[in-house]
There are 2 protein chains.
Amino acid sequence: MRLTRAGEYAVRCVLHLAKQEPDALVSRQTIADQCRIPPHFLAKIAQQLAKAGIIEIMQGTRGGYRLIRRPAEVSLLEVIEAIIGEIFLNDCVIRPETCQASPDCAVHRVWVRARDELRRVLGSVSFEDLVREESCCLVRFPLSPPA
Amino acid sequence: MRLTRAGEYAVRCVLHLAKQEPDALVSRQTIADQCRIPPHFLAKIAQQLAKAGIIEIMQGTRGGYRLIRRPAEVSLLEVIEAIIGEIFLNDCVIRPETCQASPDCAVHRVWVRARDELRRVLGSVSFEDLVREESCCLVRFPLSPPA
DNA sequence: GTAAAATTGGACAGAAAAAGTCTCATTTCT
DNA sequence: AGAAATGAGACTTTTTCTGTCCAATTTTAC
Ligand code: SF4
Ligand code: SF4
């Protein structure tokens, strides 16, 4: 019952892009270094983010990644689900047919509620919010290695 | 980001016990059959539930499991966490030292909020609630095989 | 007391998912 | 054309989950 590492990396990556000037292009290596992500792993994650329409990938010598939507329009939920798929918490929430009790199961209904609530919380936070909240002091604790 | 099978089984097991008369003793085999749980797997789950003080295990010929607390006093959260451990969603929520950014990370704070909210939802439901909500119609859809 | 019937506790194996690595192909800039 | 970057997917390793097995223990029944 937890976020995968890939999901966490995706959030870091998008947050990093959201902190730059709009439409800034940042190389994969730079992001990997600053966000502590294995570069090749980041490549796979970026491909999924691109497929989801969140970032754009530029190839070539001066290539890299670019956020193609305004940070205010990208929610935490969206980035996470682009990587780990839709959050459902318990199988029966998304595939009721796997348990014949589901139509009348009170537990099932609780899971549906819990899932909705969790998605609501994550969906209510945009990357603009995150950047604004961090800008005050993150400078003191960069993710990049001290030296 | 989902409940493990063991967690789901634990909930079924406790719910089954909660449906019986108070202090009823039900054999492992009966629970395994009716709740569709591999019997030996159930044994391990029951051990954890017993350690958590939720059920009591009786050995011997007429042995089995018994709920030792009133259904109203057992929450869904408690049973789940007895099996899968405390819910934290993202590593840094429970072990901030794993990410040096945590003291100033806005994302971290969202995860803390999301975790609290999820635990609140699951913690607000007791097995008494679940039994009451189900009793109206579950009879038509027993978990046990049709024949 | 002994046998039968049930569970215990831990070891163990198989399966599945996650995490990370590697390589060759492709693209772009110079 | 060559250098420098990413693309795409195969591959390996690690971790977690799921389930099984068996000797030991406990209780009941005779
Ligand atoms: S018993 Fe209820 S909560 Fe469990 S899998 Fe079936 S429908 Fe879902
Ligand atoms: S970057 Fe923030 S959310 Fe991600 S692990 Fe670090 S503290 Fe947690």
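Keep in mind that the numbers below use all heavy atoms, side chains included, and drop hydrogens, waters and symmetry copies. Below, read A as the first sequence line, B as the second, and so on, with proteins coming before strands; counting in each chain starts at 1. Here the structure is a predicted model, which is why all the values come from computation and not from measurement.
- For B:H40 and D:dA23, the NE2 to P distance is 12 Å, given to the nearest whole Å.
- At a non-hydrogen distance threshold of 4.0 Å, A:Q47 from residues 46-54 of chain A come into contact with DNA chain D.
- Nearest heavy atoms, A:R119 versus A:I87: CD-O, 3.8 Å.
- Connection of B:I94 to A:V121 is not established within any shared hydrophobic cluster, with ILVMFWY side chains joined at heavy-atom distances below 4.5 Å, either directly or through further cluster members.
- Atom P of nucleotide D:dC17 and atom CD1 of B:I37 are separated by 18 Å, given to the nearest angstrom.
- Distance, B:I45 CD1 to C:dG9 C1': 15 Å, rounded to whole Å.
- Side-chain N/O atoms of B:Y65 include one lying less than 4.0 angstrom from OP1 or OP2 on C:dT8.
- Remark on DNA chain D: of its neighbouring residues A:R2 and A:S27, the 5'-side contact belongs to A:S27, judged by nearest-heavy-atom nucleotide.
- A:E56 and A:R69 are not joined by a salt bridge, as no carboxylate oxygen comes within less than 4.0 angstrom of a charged side-chain nitrogen.
- Between the side chain of A:R66 and the backbone N or O of A:D23, at least one donor-acceptor pair lies under 3.5 Å.
- As judged by a 4.0 angstrom heavy-atom cut-off over every strand, A:R5 is placed among residues touching the sugar-phosphate backbone only.
- Nearest to the side chain of A:A6, among D:dG19, C:dA19, C:dC22, sits C:dA19.
- The shortest distance between the side-chain N/O atoms of A:Y9 and the OP1/OP2 oxygens of C:dG20 is below 4.0 Å.
- Separating the CZ atom in B:R36 from the CD1 atom in B:I31 is a distance of 15.5 Å, to the nearest 0.5 Å.
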Could you go over nucleotides 26-30 of chain C and give all protein N or O partners under 3.5 Å, atom names and distances?
residue : atom : partner : partner atom : Å
C:dT26  : O2   : A:Q59   : NE2          : 3.2
C:dT27  : O4'  : A:Q59   : NE2          : 3.4
C:dT28  : O2   : A:T61   : N            : 3.4
C:dT28  : O2   : A:T61   : OG1          : 2.8

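- One hydrophobic cluster, built from ILVMFWY side chains closer than 4.5 Å, holds both A:V11 and A:I37.
- Nearest-nucleotide mapping onto DNA chain D: of A:T30 and A:M1, the residue sitting toward the 5' end is A:T30.
- Distance CG (A:D91) to C1' (C:dA17): 13 Å, rounded to an integer number of Å.
- One interatomic measurement links the two molecules: CZ of B:F41 to P of D:dC21, which rounds to 15 Å at whole-angstrom precision.
- Here C:dA18 is the nucleotide among C:dT21, D:dT18, C:dA18 with the atom lying nearest to any side-chain atom of A:T4.
- A donor-acceptor pair under 3.5 Å is absent between the side-chain atoms of B:E128 and the main chain of B:E73, judged by distance alone.
- If you take CZ of A:R28 and C1' of C:dT21, they are 12 Å apart, rounded to a whole angstrom.
- Under the 3.5 Å distance criterion, with hydrogens and angles disregarded, a donor-acceptor pair is assigned to the side chains of A:D129 and A:S126.
- Distance A:L3 CG to C:dA19 C1': 13 Å, rounded to the nearest Å.
- A:E8 contributes no side-chain N or O that, together with a main-chain N or O of A:T4, makes up a donor-acceptor pair within less than 3.5 Å.
- Atoms CD (B:E56) and C1' (C:dT8) sit 15 Å apart, rounded to a whole Å.
- The base of C:dG10 has none of its N or O atoms less than 3.5 Å from a complementary donor or acceptor on the side chain of B:K44.
- In this structure, CZ in B:R109 is found 9.0 Å from CG in A:L130, a value given to the nearest 0.5 Å.
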